[in-house]
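A single structure is presented below for examination.
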Number of protein chains: 2
Amino acid sequence: MSGDAQISRLKPGRRMDIRRENERAILEAAEKVFAEAGFGGATMQLIADMAGLPKANLHYYFATKEDLYRRVVQQIFEIWLDAASSFDDAPGPVEGIGAYVDAKMDISRTHPHGSKVWASEVMHGAPVIQDYLETTLRDWTEGRIAVIQRWIDEGKMQPVNPRHLLYLLWATTQHYADFGHQIQTLNDGRPLSDKQWNEAKASVKDMVLRGIGAI
Amino acid sequence: MSGDAQISRLKPGRRMDIRRENERAILEAAEKVFAEAGFGGATMQLIADMAGLPKANLHYYFATKEDLYRRVVQQIFEIWLDAASSFDDAPGPVEGIGAYVDAKMDISRTHPHGSKVWASEVMHGAPVIQDYLETTLRDWTEGRIAVIQRWIDEGKMQPVNPRHLLYLLWATTQHYADFGHQIQTLNDGRPLSDKQWNEAKASVKDMVLRGIGAI
DNA sequence: TCATTTCCTGACCGTATGGTCAAGGTGAAG
DNA sequence: CTTCACCTTGACCATACGGTCAGGAAATGA
């Protein structure tokens with residue numbers, strides 16, 4: 001666990017604000033702690049400390065550790081779904097996939113904790129979000145496969161297997177969040193700079209778009 | 001946790017064999033449990049049950065939970081390093097990177113648990129294998145970057161950023177192990193068949209080799 | 001057979017954790 | 001000011017976990 005100070009908390013205001021602000025602070029702290037320690041390794045005490053609240057207060061807003069965890073995972077999934085719209089209103093793979101890579105790389109940079117929690121959840125067999133995988137994610141995937149297939153049929157890219165293209169996109173973009181520590185270690189212990197992030201995005205886009213014959 | 005039966009154990013023989021066989025059974029069970037539950041979620045009791053031994057016996061062979069975990073992680077790292085030799089004695093990227101993708105995809109299929117334990121370890125900040133990242137992995141990475149750069153200089157592939165190419169390779173190949181549950185869910189709940197694995201390997205190789213302009 | 005080393009294991013212990021609760025504080029409505 | 005619903009929290013509890021240990025079983029070699 002890194003020795004960061006506690007998560008910032010805004011001053012409370014009206015009743016409604018108290019609830020919203022506390023839930024936000026708890027979720028933000030929980031995302032970080034779950035990412036850094038895993039579900040089993042995370043403790044409510046640690047989350048409470050990081051959120052700047054007594055442990056009993058966490059249980060006032062979230063009945064159980066599992067409830068809190070579920071909320072964190074759902075939150076991440078929604079962020080990804082939002083960003084996935086990059087795919088839709090694009091005339092071809094260069095714009096669509098290019099924008100999707102950009103969006104997912106940006107999320108990897110801005111929400112590394114969330115990405116890790118998701119990865120951990122899936123690696124452990126998706127005990128709490130299995131239904132999401134079978135409904136929302138499956139539907140989204142089928143839709144995107146259809147879009148890619150259309151681009152192939154229109155001769156806008158090589159006839160690659162759309163499913164494995166999606167896996168490559170997910171894997172590569174999320175790698176920069178999930179394995180960020182390894183990347184940082186291989187970068188002389190320093191986080192990627194703005195310039196290096198742009199280089200990463202450009203490299204990934206270049207290899208992917210060339211790999212599918214779109215450029 | 002899946003309801004699998006306990007790990008198979010060979011019948012004991014001589015003194016030396018007892019030790020070897022028990023350590024093997026424990027490590028095999030531990031790899032699976034750590035992968036499925038994470039370090040914090042794994043319990044010595046669960047590992048013991050899966051290995052078919054009383055918990056106290058685990059502590060006879062491995063002093064602490066952390067010792068056992070460390071051995072599991074090291075084991076995986078060595079398997080990857082072995083496979084990485086595919087890279088070395090190759091005349092160009094088609095053979096070298098092609099063989100590397102094949103080797104890593106095979107490991108993702110044969111050692112999915114190990115891959116997950118590694119991923120989890122890195123995601124949590126590499127608390128026990130940080131030194132490996134800074135020494136062995138860094139050296140290996142630099143060496144491979146030099147090889148790729150040479151191929152670029154010899155005009156055998158496009159001038160992509162070798163570092164990000166390596167990240168793309170790691171991410172994509174390991175994705176089939178680490179996110180195997182998600183892939184299985186999107187495959188109607190069934191594990192990939194032999195045919196589907198070959199399709200996956202071919203797709204990844206095709207996209208990567210085309211992406212770096214080697215084909 | 002006997003001595004010695006290695007292996008095995010049930011019972012036990014201290015600690016940390018998720019969760020509870022009752023009593024008290026605080027903002028808003030009338 | 002009073003009321004009441006909402007919020008806060010220190011103290012507490014039962015459980016589960018990692019780890020220990022003492023005493024016995026089994027293999028090995030003389």
Side-chain angles (χ1 to χ4, degrees), chain A residues 1 6-7 9-27 29-34 36-73 117 124 127-128, chain B residues 1 6-7 9-27 29-34 36-73 117 124 127-128:
Chain A
M1 201 60 42
Q6 68 182 57
I7 297 292
R9 302 186 57 218
L10 302 176
K11 60 182 188 304
R14 289 157 302 178
R15 263 288 166 62
M16 208 61 182
D17 291 342
I18 292 177
R19 181 161 213 107
R20 185 163 32 228
E21 165 57 16
N22 280 342
E23 288 186 351
R24 190 202 59 76
I26 293 169
L27 283 170
E31 180 177 297
K32 186 168 188 180
V33 173
F34 282 133
E36 289 176 352
F39 178 81
T43 70
M44 295 297 272
Q45 186 63 63
L46 204 54
I47 295 170
D49 291 347
M50 190 156 296
L53 294 169
K55 190 184 66 152
N57 211 347
L58 260 66
H59 284 98
Y60 174 75
Y61 288 103
F62 300 90
T64 67
K65 184 184 178 183
E66 199 174 314
D67 281 346
L68 179 52
Y69 174 77
R70 182 175 288 110
R71 282 285 299 274
V72 170
V73 176
V117 175
H124 297 358
V128 318
Chain B
M1 199 61 42
Q6 69 182 56
I7 297 291
R9 300 186 60 220
L10 303 175
K11 60 184 186 305
R14 289 157 303 182
R15 265 283 167 61
M16 206 62 182
D17 292 342
I18 293 177
R19 183 160 212 107
R20 183 162 36 226
E21 165 57 16
N22 280 341
E23 288 185 350
R24 189 201 60 75
I26 294 169
L27 283 170
E31 180 177 297
K32 187 168 186 179
V33 173
F34 282 133
E36 289 176 350
F39 179 81
T43 70
M44 295 297 271
Q45 187 62 62
L46 203 56
I47 296 171
D49 291 346
M50 190 155 297
L53 294 169
K55 190 184 68 156
N57 212 347
L58 261 65
H59 284 98
Y60 175 74
Y61 289 104
F62 299 90
T64 67
K65 184 184 180 184
E66 201 173 314
D67 281 346
L68 179 52
Y69 174 77
R70 183 176 287 109
R71 282 284 300 275
V72 170
V73 176
V117 175
H124 297 358
V128 317

Provide, to the nearest angstrom, the distance between the CG atom belonging to B:Asp67 and the P atom belonging to D:dT20.
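Roughly 11 Å, once rounded to whole Å.
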How close or far is atom P of D:dT8 from atom CD1 of A:Ile26, stated in whole angstroms?
9 Å
Check the distance between C:dT26's C1' and A:Asp17's CG and give it to me in whole angstrom.
15 Å
Shortest non-hydrogen contact from B:Thr64 to B:Met44?
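Looks like C-CE, 4.5 Å.
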Should we say atom CZ of B:Arg71 is surrounded by more than 12 heavy atoms from elsewhere, each under 6.0 Å from it?
no
Of the nucleotides C:dG19, D:dG10, C:dT9, which one has an atom closest to the side chain of A:His59?
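Out of C:dG19, D:dG10, C:dT9, the nucleotide with an atom closest to A:His59's side chain is C:dG19.
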Would you mind classifying the nucleic acid contact of B:Tyr61 as base, sugar-phosphate or nothing, using non-hydrogen atoms under 4.0 angstrom?
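Contact class for B:Tyr61: sugar-phosphate only.
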Considering every strand and a 4.0 Å limit on heavy-atom distances, what is the contact class for A:Ala48: base, sugar-phosphate, or nothing?
nothing
Starting from C1' on D:dC7, measure out to CZ on A:Arg20 and report it in whole angstrom.
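These atoms are roughly 16 Å apart.
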What distance separates A:Arg20 CZ from A:Ile18 CD1, expressed to the nearest 0.5 Å?
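A:Arg20 CZ to A:Ile18 CD1: 11.5 Å, rounded to 0.5 Å.
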For DNA chain D, whose closest nucleotide is more 5', that of A:Lys55 or that of A:Tyr60?
A:Tyr60
Of the listed nucleotides C:dT9, C:dC8, D:dT9, the one nearest the side chain of B:Asn22
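Between C:dT9, C:dC8, D:dT9, the one nearest the side chain of B:Asn22 would be C:dC8.
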Tell me: CG of B:Leu58 to C1' of D:dT20, nearest whole Å?
14 Å
From CD of A:Gln45 over to P of C:dG19, roughly how many Å is that when rounded to an integer?
13 Å
OP1 or OP2 of D:dC7 under 4.0 Å from side-chain N/O of A:Arg19:
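Yes, A:Arg19 has a side-chain N/O under 4.0 Å of OP1/OP2 on D:dC7.
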Looking at D:dT9, C:dC7, C:dG19, which one has an atom nearest to any side-chain atom of B:Ile18?
C:dC7
Select one nucleotide: of C:dG10, C:dG18, D:dT9, the one nearest the side-chain heavy atoms of B:Ala56.
C:dG10
Whole-Å distance separating the CD atom of A:Glu21 from the P atom of D:dC7:
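For the pair A:Glu21 CD and D:dC7 P, the rounded distance is 13 Å.
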Rounded to the nearest Å, what distance is computed from the CZ atom of residue B:Phe62 to the P atom of nucleotide D:dT20?
16 Å
Aromatic plane relationship, A:Phe39 with A:Phe34 - under 30° parallel, 30 to 60° tilted, over 60° perpendicular:
parallel
A:Phe62 versus A:Leu27: any side-chain heavy-atom pair under 4.5 Å?
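Yes. Closest side-chain heavy atoms under 4.5 Å.
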